[in-house]
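In what follows, every chain begins at residue 1, and chains take the letters A, B, ... in the order their sequences are listed.
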Amino acid sequence: ATEIVENAYNILCDFGEVAEIAMERGIEGLKHVKIKVGRPIKVMLAEKAKNIEDAMKTLGGRVAIEIKYDGMRAQIHKSGDKIWIYTRRLEHVTKQFPDLVEYARKNLKCKECVVEGEVWAVSKKDFSPLPFQVLSQRIHRKYKIEKMVEEIPVQINLFDIMYLDGKMVIDLPLKERRKLLERIVNEVPHRFKLATQLVTSDVKEAEKFYQQALELKQEGVMVKNLESKYIFGRRVGGWLKVKPTAETLDLVIVGATWGTGKRAGWLGSFILACRDEATGEFLECGMLGTGIKEKKTSPEDVTFEELTEMLKPYIEFQRGSEVRIRPKIVVSVDYQEIQRSPNYKSGFALRFPRFIAIRFDKNPEDADTLSRLEYLYKLQSRSK
DNA sequence: CCTGTCTGCCCC
DNA sequence: ATTCTGC
DNA sequence: GCAGAATGGGCAGACAGG
């Protein structure tokens, strides 16, 4: 019964409505709740895999591999000439993407459907992908929308379908849903496309596809079970994402903020800096707040408590919840990529930074330098 | 009118 | 987004 | 295994204050 209620909620996303149906028609009523075109539904989520081989082993045998585009997830609803677009968190962004609306209206060959894809900013020069921040400028825009449609064109790559002409198709296996999608999508080059997909059971072939995705400057790939159904709002089932981690950086802690909630009483996040070899200064390049343990489960774990005690002697001063710390402690940090930053003195920031280890063997003078960040930044924009 | 700061069932 | 932890 | 709660960069918009 719980499952049926939950399922109904994932489709309707409205407790009141679920309650009403339960009152009037009971469990039977909830069982038959259908997608309403124009009303967003909870999206299926993916889990992480270390690499292609692991992903394929987990899913077993033949899999579908799709490019994971670096953009925004979008759910498109179509009913006749009417189009709605929703984000992953079910925010309504139809107004922000009039260009997408037009492509969807003309190129979804059906009366009614709900499809899903990834929207990303496309270069006007060579159709290559632009950084996520560029697309961000369009997502919650209220003013100058048309101007930005011109300045920042987007491409969508569709990868799933949940509803087609009166029928829910979420219980069909992925390979069948893909066939339906291929049947109804009229592709428009560099604008309205299907997600590039490879079906294979060969790890080598899959690895090659992954490398190609990276060469196209995309984030990585999704590895999917061909038999999997579409499951709302949960990180279960047959989708695994694989994306690379950049080379670890060793950076200096020069500040922190006191944590809240679970982390109250400890320093909960840490200001990182690289060394400017020209001046000897330490220049901020971001903050770090994940990857550190709350509890010690094994001897090599580093806890918030330990880190807080370790840094306390070097606190220079505090203002509000912010703390400045003398550069003493060096930490290893993983991240996805280096971004240009308007917010940090170094001019760079890390995307998705996470703590790996304390470098007890390193002094602040041995930390990675500004010129190394510059070098790595240029390297990634050239190779990807 | 500019600037800084804060918020967003925000996007990632 | 990533990661950790309680259930 | 899953859900919830900590935290990251960065964007547009709203608002307060000078």
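Phosphate proximity of dG9(D) to Arg351(A): absent, as no side-chain N or O sits under 4.0 Å from OP1 or OP2. Proximity of Lys296(A) to the phosphate of dC4(C): no side-chain N or O atom is located under 4.0 Å from OP1 or OP2. Close to dC4(C), at under 4.0 Å from its OP1 or OP2, lies a side-chain N or O of Lys293(A). Distances shorter than 4.0 Å separate none of the side-chain N or O atoms of Asn343(A) from OP1 or OP2 on dG9(D). Contact between the side-chain N/O atoms of Arg354(A) and the OP1/OP2 oxygens of dA1(C) is not found at any separation under 4.0 Å. An OP1 or OP2 oxygen of dG10(D) is reached within less than 4.0 angstrom by a side-chain nitrogen or oxygen of Ser341(A). The side chain of Thr260(A) places an N or O atom within less than 4.0 Å of a non-bridging phosphate oxygen (OP1 or OP2) of dT7(D). Between dT3(C) and Lys48(A), a contact under 4.0 Å exists linking OP1 or OP2 to a side-chain N or O.
Proximity note for Arg263(A) (side chain, C-beta onward) versus dC11(D), dC11(B), dT7(D): the nearest is dT7(D). In this structure, the nucleotide among dG10(D), dC12(B), dC11(B) sitting nearest to the side chain of Glu91(A) is dC11(B). Relative to the side chain of Lys295(A), the nucleotides dC12(B), dT5(C), dC11(B) differ in distance, and dT5(C) lies closest.
A single hydrophobic cluster is not seen to contain both Tyr344(A) and Leu283(A); linkage of ILVMFWY side chains at heavy-atom distances under 4.5 Å, directly or through other members, places them apart.
Between the P atom of dC10(B) and the OH atom of Tyr86(A) lies a distance of 16 Å, rounded to the nearest Å. Counting to the nearest Å, the P atom of dA1(C) and the CZ atom of Phe352(A) are 7 Å from each other. His92(A) has its NE2 atom 16 Å from the C1' atom of dC9(B), to the nearest Å. To the nearest angstrom, C1' of dT7(D) lies 17 Å from CD of Gln336(A). The interatomic distance linking Trp266(A) (CH2) with dC4(C) (P) rounds to 14 Å, in whole Å. Protein atom OH of Tyr335(A) is 18 Å distant from nucleotide atom C1' of dG10(D), rounded to whole Å. The distance between atom CD of Gln96(A) and atom C1' of dC11(B), rounded to the nearest whole Å, is 12 Å. Regarding Leu90(A), its CG atom lies at a distance of 10 Å from the C1' atom of dC9(B), rounded to whole Å.
Of the C1' atoms belonging to dC12(B) and dC2(D), the separation is 22 Å, rounded to the nearest Å.
The residue Leu350(A) sits close only to the backbone: its heavy atoms come under 4.0 Å of sugar-phosphate atoms, none of a base. Using a 4.0 Å heavy-atom criterion, one finds that Arg138(A) contacts no nucleic acid atom at all. Nucleic acid contact class of Tyr344(A) (heavy atoms, under 4.0 Å, all strands): sugar-phosphate only.
Residues Arg73(A) and Glu116(A) are paired through a salt bridge, judged by an N-O separation under 4.0 Å between the basic side chain and the carboxylate. For Arg39(A) and Glu17(A), the salt-bridge test passes: some basic side-chain N is under 4.0 Å from an acidic carboxylate O. Under a 4.0 Å N-O distance rule, the pair Lys296(A)/Glu306(A) qualifies as a salt bridge. One finds a salt bridge joining Arg105(A) and Glu102(A) here, because a Lys/Arg side-chain nitrogen approaches an Asp/Glu carboxylate oxygen to under 4.0 Å.
DNA chain C is contacted by both Ile292(A) and Glu219(A); Glu219(A) maps to the nucleotide lying nearer its 5′ end (nearest heavy atom per residue). Comparing Pro353(A) and Asp301(A), the nucleotide of DNA chain C nearest to each residue sits closer to the 5' end for Pro353(A).
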Per-nucleotide protein contact along nucleotides 13-18 of chain D, 5' to 3', at a 4.0 Å heavy-atom cut-off (B base, S sugar-phosphate only, - neither), is SS----
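Shown are Leu198(A), Ile52(A), Asp202(A); of these, the side chain to side chain contact (heavy atoms under 4.5 Å, CB included) with Phe209(A) is made only by Leu198(A).
A donor and an acceptor atom, one from each side chain of Arg359(A) and Thr248(A), are nowhere located under 3.5 Å apart. Counting only N and O atoms by type, the side chains of Ser321(A) and Thr257(A) include no donor and acceptor under 3.5 Å apart.
Ring geometry for His77(A) against Trp84(A) counts as perpendicular: the plane angle is over 60°, on a 0 to 90° scale with 30° as the lower cut. Ring geometry for Phe348(A) against Tyr377(A) counts as tilted: the plane angle lies between 30° and 60°, on a 0 to 90° scale.
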Which string of ( ) [ ] | and . matches DNA chain D, if you list each base 5' to 3' and count Watson-Crick or G-U pairs only when both distances are under 3.5 Å?
||||||||||||||||||
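Put simply, CG on Leu135(A) and CG on Asp70(A) are 9.0 Å apart, with the number rounded to the nearest 0.5 Å.
Below the 3.5 angstrom threshold, one finds a donor paired with an acceptor across the side chain of Thr290(A) and the base of dT2(C).
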